[in-house]
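Heads up, the thing below is written out as structure tokens.
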Amino acid sequence: MPELPEVEVVRRGLQNWVVGRRIAGVDVAHPRAVRRHLAGPSDFAARLVGTTARSAERRGKYLWLPLDSGAALVAHLGMSGQLLVQPSDTPDEVHLRARLTFADGGRELRFVDQRTFGGLAVEETDPAGVPLSVVHIARDPLDPAFDDDAFVAALRGRRTGVKRALLDQALVSGIGNIYADESLWRAKVHYDRAAASLRASDVRRLLGAARAVMTEALAQGGTSFDALYVNVNGESGYFDRSLDAYGQAGEPCNRCGALIVREPFMNRSSFRCPRCQPPARHGGRRA
DNA sequence: CTATGAACCTGACAGC
DNA sequence: TGCTGTCAGGTTCATA
């Protein structure tokens, strides 16, 4: 779920509430939450106790806290993960999977995850400080070091549909089903248009649209349809009110008035305006 | 390399 | 009330 804006909201919360505090205790309530930590829950806990996070980092949808031990606590929220900063007397959440307590006795950090697609792990980092499980993830469009020219060339070199390419976290990270559809709507591109058929100017327009929509969503605290996507204090963002395509099937297009349609795509859904984003006549995937 | 589909989970909702 | 089927913001692996 959470895509770049929602994960960035969480990162800022961690920066604010967790960085600089020494970890005193770790409780893993559900071993699946640390399945990526191959040495197991007790090793996971042992590598955290006594350490302090130096900062809160993010690349795409991955979060990590560089620790003063040299390792990093990596978190991925999957489809339903939350990181909550809670007073210790707050009753346990139904889907509480792990809890970190701190030496200062203040609020604890809880990993709550209904569907358990997310998880935590303590990992080594590469010389640049990037955790090993994140090294294969491309930079995201809001990263100052994102290389626009390289992205334009790489996307146009893909022999696949443009939305597939946008969702490939090894090509560009942070974009999921919501922001892919919103970016394509803004750029007036059909999701199945062959990536290789796009002009460089089309790709730049698409990239600009992705940046704009994610920046606007971030300013509104992210997109949240229910209580599943919240910041570390449990508050929802409200960008869902600003969506032009995603989830808008049957609603009039905010640009031309045609009714937005939903179509099956990659075992999920794509939303588009049939008039602004028509199927390409000869620019389709098979062209 | 690309393309599907399935798997991993729980819960909400629609329809009968 | 309860059953069945469908759907959900993601990632990864197996099979063509």
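Throughout, protein chains are lettered first and strands after them, A, B, ... in sequence-line order, and every chain is numbered starting at 1.
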Give a yes/no answer on whether the side chain of [X] brings an N or O atom under 4.0 Å of OP1 or OP2 in [N].
X	N	answer
A/R32	B/dC9	yes
A/S269	C/dC7	no
A/S224	C/dG9	no
A/H95	B/dG11	yes
A/Y246	C/dG9	yes

Without decimals, in angstroms, what is the distance between [X] [atom1] and [N] [atom2]?
X	N	atom1	atom2	result
A/I178	C/dA8	CD1	C1'	10 Å
A/R35	C/dG10	CZ	C1'	11 Å
A/Y229	C/dG10	OH	C1'	9 Å
A/K163	B/dT4	NZ	P	14 Å
A/R164	B/dG5	CZ	C1'	11 Å
A/F225	B/dC13	CZ	P	14 Å
A/F265	C/dG10	CZ	P	12 Å
A/L77	C/dA8	CG	P	20 Å

Is there any ring pair (Phe, Tyr, Trp, His ring centres under 6.0 Å) pair reaching into [range], and which pairs are they, with sequence neighbours excluded?
range	answer
residues 22-49 of chain A	A/H37-A/F44
residues 182-216 of chain A	A/Y191-A/F265
residues 53-94 of chain A	A/Y62-A/H76
residues 137-170 of chain A	A/F146-A/F151

Linking Ile, Leu, Val, Met, Phe, Trp and Tyr through side-chain heavy atoms less than 4.5 Å apart, which residues share a cluster with A/L84?
-> A/L96, A/V112, A/V230

Looking at residues at least two apart in the chain, or sitting in another chain, which of them share a side chain to side chain donor-acceptor pair (under 3.5 Å) with A/D147?
->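 By the side chain to side chain donor-acceptor pair (under 3.5 Å) rule, A/D147 matches no residue at all.
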
With sequence neighbours left out, write down each residue that passes side chain to side chain donor-acceptor pair (under 3.5 Å) with A/D104, or none if nothing qualifies.
->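 If we apply the side chain to side chain donor-acceptor pair (under 3.5 Å) test to A/D104, skipping adjacent residues, the hits are A/R21.
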
Base versus backbone protein contacts along nucleotides 11-16 of chain C [heavy-atom cut-off under 4.0 Å; B, S, -] = SS----

Would you call [X] and [Y] a salt bridge, using N to O less than 4.0 angstrom?
X	Y	result
A/R211	A/D140	no
A/R110	A/E108	yes
A/D168	A/R164	no

With Watson-Crick and G-U wobble geometry limited to distances under 3.5 Å, how should the secondary structure of DNA chain B be encoded in dot-bracket form, using | for bases paired to another strand and [ ] for crossing pairs?
-> .|||||||.|||||||

Contacts to DNA chain B from residues 111-118 of chain A, heavy-atom cutoff under 4.0 Å, which residues?
-> A/Q114, A/R115, A/T116, A/F117

Distance-only donor-acceptor pairs under 3.5 Å for side chains of residues 115-132 of chain A, two or more places apart:
| residue | atom | partner | partner atom | Å |
| --- | --- | --- | --- | --- |
| A/T116 | OG1 | A/R32 | NE | 2.7 |
| A/E123 | OE1 | A/L132 | N | 3.4 |
| A/E123 | OE1 | A/S133 | N | 3.0 |
| A/E123 | OE1 | A/S133 | OG | 3.0 |
| A/E123 | OE2 | A/S133 | OG | 2.8 |
| A/D126 | OD1 | A/A128 | N | 2.8 |
| A/D126 | OD1 | A/G129 | N | 3.0 |
| A/D126 | OD1 | A/V130 | N | 2.9 |

Rounded to whole angstrom, note down the [atom1] distance from [N] over to [M].
N	M	atom1	result
B/dC8	C/dC3	C1'	24 Å
C/dT11	B/dG11	P	22 Å
B/dA6	C/dG5	P	15 Å

Pairs meeting criterion side chain to side chain donor-acceptor pair (under 3.5 Å) with involvement of residues 174-184 of chain A, two or more places apart | A/E6-A/Y179, A/K163-A/N177, A/K163-A/D181, A/Y179-A/T223

On DNA chain B, nearest-nucleotide positions of A/G157 versus A/N267: which is more 5'?
-> A/G157

